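Reminder, nothing fancy here: chain letters follow the sequence lines and each chain counts from 1. Note that the structure is a prediction, hence the values are computed from the model and not measured.
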2 protein chains.
Amino acid sequence: MGYDSADIAARLQAARKTKGLSQRELSDLAGVPQAQISRIEAGTVDLRLSSLVALAHALDLELTLVPRKAVPAVRSLSREAVSANRKDIVAVQKEMQRISETMRGLQIKTPNLDGLQQLQKSFSDLQRFRVPTLDLDGLKQLRQSMEQISRPAKEMAALSQSIKLMQAVRNKAAHGPLPDTGDSPSRPAYSLDEDDDA
Amino acid sequence: MGYDSADIAARLQAARKTKGLSQRELSDLAGVPQAQISRIEAGTVDLRLSSLVALAHALDLELTLVPRKAVPAVRSLSREAVSANRKDIVAVQKEMQRISETMRGLQIKTPNLDGLQQLQKSFSDLQRFRVPTLDLDGLKQLRQSMEQISRPAKEMAALSQSIKLMQAVRNKAAHGPLPDTGDSPSRPAYSLDEDDDA
DNA sequence: AGGTTTGATGTCTTTAACTGCATCGCAATC
DNA sequence: GATTGCGATGCAGTTAAAGACATCAAACCT
């Protein structure tokens, strides 16, 4: 337990998920038993430093001690490194791949379904976005919806739902925070404010 | 043992020292036994996260997980926060205090000693400098020398030596790296270099 | 529906951190 | 020379993480 410890646990889990790793995969990677990882992420154990470092290392993270006053700066710096870029590139790519396959499947199974073309067009549109801009959860939701389309008697509802979801993802990608090409430092929010205590 | 763990231990010790804390003081502050702190700093134990967090907290540090690629930036950021400012303010203050007391002692014991006035003048001069600019080791050396002055038959040698040392400290403070008032961000060395792997 | 994966939990043994206390050597101070 | 404060070390007892299993329920995919 503890203010900080919970943070650490949460960050470990977040890092694992955005890397698309299961607890077992991470287990193999870090040499820490899956059961232990589960307990750690749940925050029910007071883990050893060696375990923490092993996990962090496997997740391309480093454990650092930073001065209190530098914490906000470091936070924004870390955020920039993970969210603006990288995020869950692999996971998103994978999801897009699967959606693409689902799309293909639909075109074979129900080629003459009204609106399928529109969906296809939207998808082609979506594929032009740079990976990091896409929302993983939105994509997952979308795929789930798309798979409903092959269900008899639900085609139309599922189809229009899918189109809606896809446009939602598209809009989010278009208007969301832009990681863009040359990541402009966007004003250095990281600067140590002088407090001169003591 | 471990690549990272040693780092952590070292940083803990460094933080403690620059704060001018003894292991026992830190022990009281963090609630971790002195013996344990010793072992931790020596790197002979694989400490628990709770201990680490307790110590970090007591030292005004926070444990954070930062992405590999952001590590250099974070490092320079932390360095800036500790070294440019703060350094070992407390220790320097303490040392200055003790020198002041030593000075007073000399003025009582050997008030008519030639050159004492010059030493006093130099010291007053020194006191006008901002704390962080002063060199701790130089001050320690100085005090040691000053205490020799009360030793019979060595007064003169010790006195001139003290004057020399004090001027050395003064010069270092005057011409050394200036932590100055408005710490200029001195060019943001922290920027995440794009590598775009994957 | 059946098979697989994922995360959560349980049990047992081993290992080691942790605590509390005492002590030691060393340096600095009086 | 005695005292004090420092860090390091030893030891006995308690506690809990680690490791190596085995399950289990839920979600997922075919």
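- Within the 4.5 Å cutoff, no side-chain heavy atoms of B/V66 are placed close to those of A/L61.
- Distances shorter than 4.0 Å separate some side-chain N or O of A/S38 from OP1 or OP2 on C/dA8.
- Out of D/dT9, D/dC6, C/dA17, the shortest distance to the side chain of A/R48 is found at C/dA17.
- Here the straight-line distance linking atom CG of A/D46 with atom OG of B/S51 works out to 6.5 Å at 0.5 Å rounding.
- For A/R24, the salt bridge (charged side-chain N to carboxylate O under 4.0 Å, His left out) criterion is met by no residue, not counting sequence neighbours.
- To the nearest angstrom, P of C/dC18 lies 11 Å from CD1 of B/I37.
- Separating the CG atom of A/L47 from the C1' atom of D/dA16 is a distance of 12 Å, rounded to the nearest angstrom.
- Taking atom CG of B/L26 as the reference point, atom P of D/dG5 lies 18 Å away to the nearest angstrom.
- One can place CD of A/E25 at 10 Å from C1' of C/dT6, the figure rounded to the nearest angstrom.
- A search for side chain to side chain contact (heavy atoms under 4.5 Å, CB included) contacts involving A/A9 returns nothing, not counting sequence neighbours.
- Annotation: side chain of B/Q118 is not in contact with side chain of B/L159 (no heavy-atom distance under 4.5 Å).
- For B/S51, a side-chain nitrogen or oxygen approaches OP1 or OP2 of C/dC18 to under 4.0 Å.
- For B/R16 and D/dC6, the CZ to P distance is 10 Å, given to the nearest whole Å.
- Here the closest heavy-atom approach between residue A/I8 and residue B/L63 is recorded as CD1-O, 3.8 Å.
- Between the P atom of D/dT9 and the CD atom of B/E41 lies a distance of 12 Å, rounded to the nearest Å.
- Listed by first and then second residue, the salt bridge (Lys or Arg N to Asp or Glu O under 4.0 Å) pairs that reach into residues 34-45 of chain A are A/R16-A/E41, sequence neighbours excluded.
- Partners of B/Q144 according to the side chain to side chain contact (heavy atoms under 4.5 Å, CB included) rule, which considers only residues two or more places apart in sequence or in another chain, do not exist here.
- Rounded to whole angstrom, the span from the CD atom of A/Q23 across to the C1' atom of C/dG7 amounts to 5 Å.
- For a distance-only test at 3.5 Å, the side chain of A/R39 fails to qualify as a donor-acceptor partner of the base of C/dG7.
- Taking atom CG of A/D28 as the reference point, atom P of C/dT5 lies 13 Å away to the nearest angstrom.
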Distances under 3.5 Å between protein N/O atoms and the N/O atoms of nucleotides 23-30 of chain C, please, pair by pair.
unit_1 : atom_1 : unit_2 : atom_2 : d
C/dT29 : OP1    : B/R98  : NH2    : 2.9
C/dT29 : OP1    : B/R143 : NH1    : 3.0
C/dT29 : OP1    : B/R143 : NH2    : 2.7

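- The shortest side-chain heavy-atom distance between B/S27 and B/V32 does not fall under the 4.5 Å cut-off.
- Between the two ends of the helix from C/dG3-D/dC28 to C/dC30-D/dG1, each summarised by a five-pair axis, the helix axis turns through 40° (rounded to 10 degrees).
- Nearer the 5' end of DNA chain D, as judged by each residue's closest nucleotide, is the contact made by B/Q36, out of A/P33 and B/Q36.
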